[in-house]
Each structure stands twice: as C-alpha cells, then as structure tokens.
Amino acid sequence: NKPRPGASNLSGSVYLSELTSNGQWSELVELTAPAPLDNDHYGRSLSMDGNYLVVGAYGHGPRGNNTGAVYIYERSAAGEWGLVADLVPSDPGQLSFGASVAISGDHVIVGATSSAYIYERDNTGNWVEIQKFDNPTVGDTVFGREVDIDGDTAIVLANQQLYVYTVPEPSTSVILLGGALVSALN
C-alpha cells in the first residue's frame, strides 16, 4: 500500500506471482482498482479460493470518503485474471466496506464498520448480496473488521467476541475468545 511512481497516494495494488518449476517466484500480473483514488487502500484485505481472488479497498470513495469497495477477479482457463464483480455496500452511509474479506466456494463475506455482508455467486455468475449482519452491540465499531467464511459458516470478530453465523439462515452463536459459549440466538 505504498505509493508507486505515477500512482496516486496509497491507492494500492496487488501483485500475483507463481512458483516456477525451478523453485523461483515469477510475477504474473499487477492488479489495481479500475478507477483508483487516493487512499483507496486497495489490497489491504485479500482472500483467494480456487480461481477466485477477492480484493478489498476499504478507503475507496464511490459514494464519499471511506465508503469502500470490493473487487472479485476470476482466473480463466488460459491463466488470465479478469475483474468479474465490483461490489459496494447496499447501505449508502456504510464506512470501510472491504476492511476484511474472505471467500469460500460461492460465498464471499465482506467486513465493514459495524457490519458484515454475505454475497453469493448465482447460477449466471453474478455476485449478489444475500445477507447482512449488523452489529448486535450498540457503539461497537470493531464488529466487521475481521471476518472469515468456510462453506456455510461465517464468523465476525468484535471486541473479544466471535460471532458465528450459518449462511444463509439467520442463526447466530456468540463465543467469547476464551472459547466459552455465551449464547445461541435463532
């Protein structure tokens, strides 16, 4: 996320490399946001699963400062990486969308200030928002800064608690970081 010659300040970029047969790393491509802006922080959060790469740009401002954006790339059979989705939050006032990202199969989770969003790849290849998790604790702006997903289980970290969700059902478990189950909500 450091400035590059000729690039805007902290716009960011992602370098994809592969390990060659002789054990050396070879750079394949440099990815940048389609319309980079100062302080986008493109690439501060990344997740890859199979032929999909998810890149967060929590500072991007398509609707104002720090709204955020997430970009999903797919690797073709020829090995080329192409942008297949450009996601922005469904809430116009959301901040830091893309502060954290994770992908598992056909599901992507995106963390933001006090929220987390679940997207699903439909049968036409489009990524559609299917669920939003709002912060259950008023005033906790840490909720959503760290997320992960594995199959149909999504987790969101917030102030010493780990929220575990089943996707797309709205069931929730809250776990203290020490591991003791606190509550289960349906």
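A quick note: this is a predicted structure, and the numbers were derived from the prediction, not measured. Index from 1, following the sequence.
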Kindly give the heavy-atom pair with the smallest separation between [X] and [Y], and that separation in Å.
X: Tyr71; Y: Pro34; answer: CE2-CD, 3.3 Å
X: Val55; Y: Gly43; answer: CG1-N, 3.5 Å
X: Ala154; Y: Val167; answer: CB-CG2, 3.9 Å

Kindly compute the distance separating [atom1] ([X]) from [atom2] ([Y]), expressed to the nearest 0.5 Å.
X: Asn66; Y: Asp40; atom1: CG; atom2: CG; value: 9.5 Å
X: Ser114; Y: Gln94; atom1: OG; atom2: CD; value: 7.5 Å
X: His41; Y: Ser96; atom1: NE2; atom2: OG; value: 9.0 Å
X: Asp150; Y: Ser104; atom1: CG; atom2: OG; value: 5.0 Å
X: Asp148; Y: Ser47; atom1: CG; atom2: OG; value: 7.0 Å
X: Glu120; Y: Gln131; atom1: CD; atom2: CD; value: 10.0 Å

- Query: After noting the C-alpha distance and the side-chain angles of Ile72 and Leu87, does the key distance pass the side chain to side chain contact (heavy atoms under 4.5 Å, CB included) rule?
  - Reply: CA-CA 8 Å; Ile72 302 177; Leu87 308 176; 3.8 Å; yes

- Does Trp81 reach the side chain of Leu16, with side-chain heavy atoms less than 4.5 Å apart? yes

- Heavy-atom distance under 4.5 Å between the side chains of Ser45 and Tyr58, does that happen here? no

Would you kindly confirm whether [X] and [Y] end up in one hydrophobic cluster when ILVMFWY residues are joined by side chain heavy atoms under 4.5 Å apart?
X: Leu31; Y: Met48; result: yes
X: Val88; Y: Val70; result: no
X: Ile130; Y: Tyr165; result: yes

- Item | Stepwise side chain to side chain contact (heavy atoms under 4.5 Å, CB included) test for Val110 and Val147 | CA-CA 7 Å; Val110 177; Val147 297; over 6 Å; no

Under 3.5 Å, side chain of [X] to main-chain N/O of [Y], donor-acceptor pair present?
X: Ser100; Y: Gly144; value: yes
X: Arg75; Y: Leu53; value: no
X: Asp122; Y: Gly125; value: yes
X: Asp49; Y: Gly105; value: yes

- Message: Atom CD of residue position Glu146 - does it have more than 12 heavy atoms of other residues, nucleotides or ligands inside 6.0 Å?
- Response: no

- Message: Please report whether the ring centroid of Phe143 lies less than 6.0 Å from that of Tyr163.
- Response: yes

- Message: List the residues meeting ring pair (Phe, Tyr, Trp, His ring centres under 6.0 Å) with Tyr52, not counting sequence neighbours, and say none if there are none.
- Response: Trp127

- Message: For Tyr73 and Val14: C-alpha separation, side-chain torsions, deciding distance, then whether side chain to side chain contact (heavy atoms under 4.5 Å, CB included) applies.
- Response: CA-CA 12 Å; Tyr73 296 86; Val14 172; over 6 Å; no

- Message: According to ring-ring contact (aromatic ring centres under 6.0 Å, His included), does anything in residues 98-125 pair up with another residue at least two apart or in another chain? List the pairs.
- Response: Phe97-Tyr117

- Message: Suppose we screen for side-chain hydrogen bond (donor to acceptor under 3.5 Å, both in side chains). Which residues come up paired with Asp106, at least two apart in sequence or across chains?
- Response: Arg121

May I have the list of side-chain donor-acceptor pairs in residues 22-29 shorter than 3.5 Å, sequence neighbours left out?
residue	atom	partner	partner atom	Å
Asn22	OD1	Thr20	OG1	2.3
Asn22	OD1	Gln24	N	3.2

- Out of Ile118, Ile103, Val101, Val54, which residue meets the side chain to side chain contact (heavy atoms under 4.5 Å, CB included) rule with Ile109? Ile118

- Task: Applying side chain to side chain contact (heavy atoms under 4.5 Å, CB included), name anything that partners Asp134, two or more places apart in sequence or on another chain.
- Result: Ser115, Lys132

- Query: Which residue pairs pass the salt bridge (charged side-chain N to carboxylate O under 4.0 Å, His left out) test when at least one of the two sits in residues 92-104, sequence neighbours left out?
  - Reply: none

